[in-house]
Amino acid sequence: MELFEQITASISSFLWSWPMIILLLGTHLYLTVRLRFPQRKIFTAIRLSFKKDDGSEGDVSQFGALATSLAATIGTGNIIGVATAVAFGGPGAVLWCWLTGVFGIATKYTEGLLAIKYRVKGRNGEMIGGPMYALERGLKQKWLGILFCIFTALAAFGIGSMVQANAISLLMKTTYGINEHVIGIIVTLGVALVVFFGVKGIARVCMALVPVMAILYILGCIAILCINHAYLGEAIRLIVTSAFTPQAAGGGFLGTTVMMAARYGIARGLFSNEAGLGSAPIVAAAAQTRNPVRQALVSSTGTFWDTVVICAMTGLVLVTSVLAYPDIDYTQEGELTKAAFSKIPYVGTSILSIGIFTFAFSTIIGWGYYSGKAIEYLGKDKLRKAYRILWIISIYIGSTMNLKAVWNIADSFNALMAIPNLISLILLSGIAARETKKYLWDNRLEDTADPEDL
């Protein structure tokens, strides 16, 4: 296991070196400028996310698609992921994670737009789409679409099952003493029941879980920040300065480099909000929407809620807690968030336990949909059945694996999955800009798209 950890760590470090960081952040920045800062329309996007486009083609409402996307992104990346970023990259990683979210709004917007633009109707009447169809129909590069689906199917074993199951079992074992094998069996059976209901069943579960779990977790973060309010100013200063300058040891933290802060902050930012990863547009393609830009705006709110709000609050909670309580060891990764929430009298640990369980469970079922569509694109029925069985089994395996190895695997597959998607976003940015001008900047959001334009 130690050798396996070293190998996975080496692969992850190679894939997340400067070229990948530049490609991801560069895409975020390029699309932000090319599309004239769609972040400015975030409140319009939030308003649209609660509206229905009845009568439009699609399988679920815009909010249903957003809820499923949020279910798959608001997960352990927001809780355990931010903690691992702080453990390995220091407090500066929090700012890099947050910046990835701010500029990633433009990328998530573009992903949602292209998902609607190039979606197709499947044999069973369902709307299907995602980066694989943008690569095939927009760029005429079906081989890249196949490559994306292969990486998506592999990534689902990391970000979409083992990491989430590991987080649940670790917390339940350390908090309540429940054996990880028991937890693994319970989670595996629960996911299997939900996944077999299809996209509408998944959407219904996510629409019920996401608002409740997000509000509960945010209230917990606010309570901790109120308790630690005396350290809030110092925490913000430390986060900003250590993101751009080497951090000397002090304030409860060991010394870190700018590269370490950027590497872990950006990697965890991608893991958290999935902007640029290409997963969210797979479910965005199923949304009922009258034109591509409306769903693009709704999709972009996922990154806002996930990273700009929730990850930022988690980062502030962790850094203020380390400053406020010398007994907290910030290098303990998975235990760090638990130590911070334990400072809320009586209910803190329970809030975190419920949050991690619901966050992780909903992420698993969201990725069950993503991976299913990726395998469906590859077109092998026997392969799809075998894959689904292996993926469900991996949930149990992840419950008993070592945390570091699981995160290294997840980071590696995320990077591989992102590359073909980022290529499609850059090369199809002209089409995204044209559609954005037509519907957003020319104030035609209420218009219905011409069928020949889709």
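Note that the numbering runs from 1 along the sequence shown for the chain. Below, each value reflects all heavy atoms present in this structure, side chains not excepted, and no hydrogens, waters or symmetry copies.
The aromatic rings of Phe357 and Phe361 lie parallel to each other, with less than 30° between the two planes, well short of the 60° mark.
Qualifying ring-ring contact (aromatic ring centres under 6.0 Å, His included) partners for Tyr264, counting only residues two or more places apart in sequence or in other chains: Phe88. Scanning for ring-ring contact (aromatic ring centres under 6.0 Å, His included) contacts around Phe37 gives an empty result, with sequence neighbours left out. Residues passing the side chain to side chain donor-acceptor pair (under 3.5 Å) test with Asn443: none are found, sequence neighbours excluded. With sequence neighbours left out, Thr110 forms a side chain to side chain donor-acceptor pair (under 3.5 Å) with no residue at all. Judged as a side chain to side chain donor-acceptor pair (under 3.5 Å), and not counting sequence neighbours, the contacts of Thr289 are Gln62. With sequence neighbours excluded, the residues that form a ring-ring contact (aromatic ring centres under 6.0 Å, His included) with Phe244 are Trp96. A search for side chain to side chain donor-acceptor pair (under 3.5 Å) contacts involving Tyr396 returns His181, not counting sequence neighbours. Evaluation of the ring-ring contact (aromatic ring centres under 6.0 Å, His included) rule for Phe413 yields no partner, not counting sequence neighbours.
Applying the side-chain hydrogen bond (donor to acceptor under 3.5 Å, both in side chains) definition to pairs two or more places apart or across chains, those involving residues 293-302 are Asp53-Arg294, Arg294-Glu446, Gln295-Ser299. Within the structure, every pair that satisfies the side-chain hydrogen bond (donor to acceptor under 3.5 Å, both in side chains) test and touches residues 99-109, not counting sequence neighbours, is listed here: His28-Thr107, Lys108-Thr303, Tyr109-Thr436. Sorted by first and then second residue, the salt bridge (Lys or Arg N to Asp or Glu O under 4.0 Å) pairs with a member in residues 142-160 read Glu136-Lys142; sequence neighbours excluded.
When the options Ile224, Val82, Ile239 are evaluated for a side-chain contact (heavy atoms from CB on, under 4.5 Å) with Leu316, the one that passes is Ile239.
Using a 4.0 Å cut-off between charged nitrogen and carboxylate oxygen, Arg290 and Asp447 do not count as a salt-bridge pair. We find that Glu435 and Lys438 are not joined by a salt bridge, their nearest charged nitrogen and carboxylate oxygen being 4.0 Å or further apart.
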Kindly determine whether Arg34 and Tyr30 satisfy side-chain hydrogen bond (donor to acceptor under 3.5 Å, both in side chains), including the steps that lead there.
CA-CA 6 Å; Arg34 184 77 191 269; Tyr30 172 72; 2.9 Å; yes

Tell me which donor-acceptor pairs under 3.5 Å the side chains of residues 276-287 have, and how far apart each pair is, sequence neighbours excluded?
residue, atom, partner, partner atom, Å
Ser279, OG, Glu274, OE1, 2.2

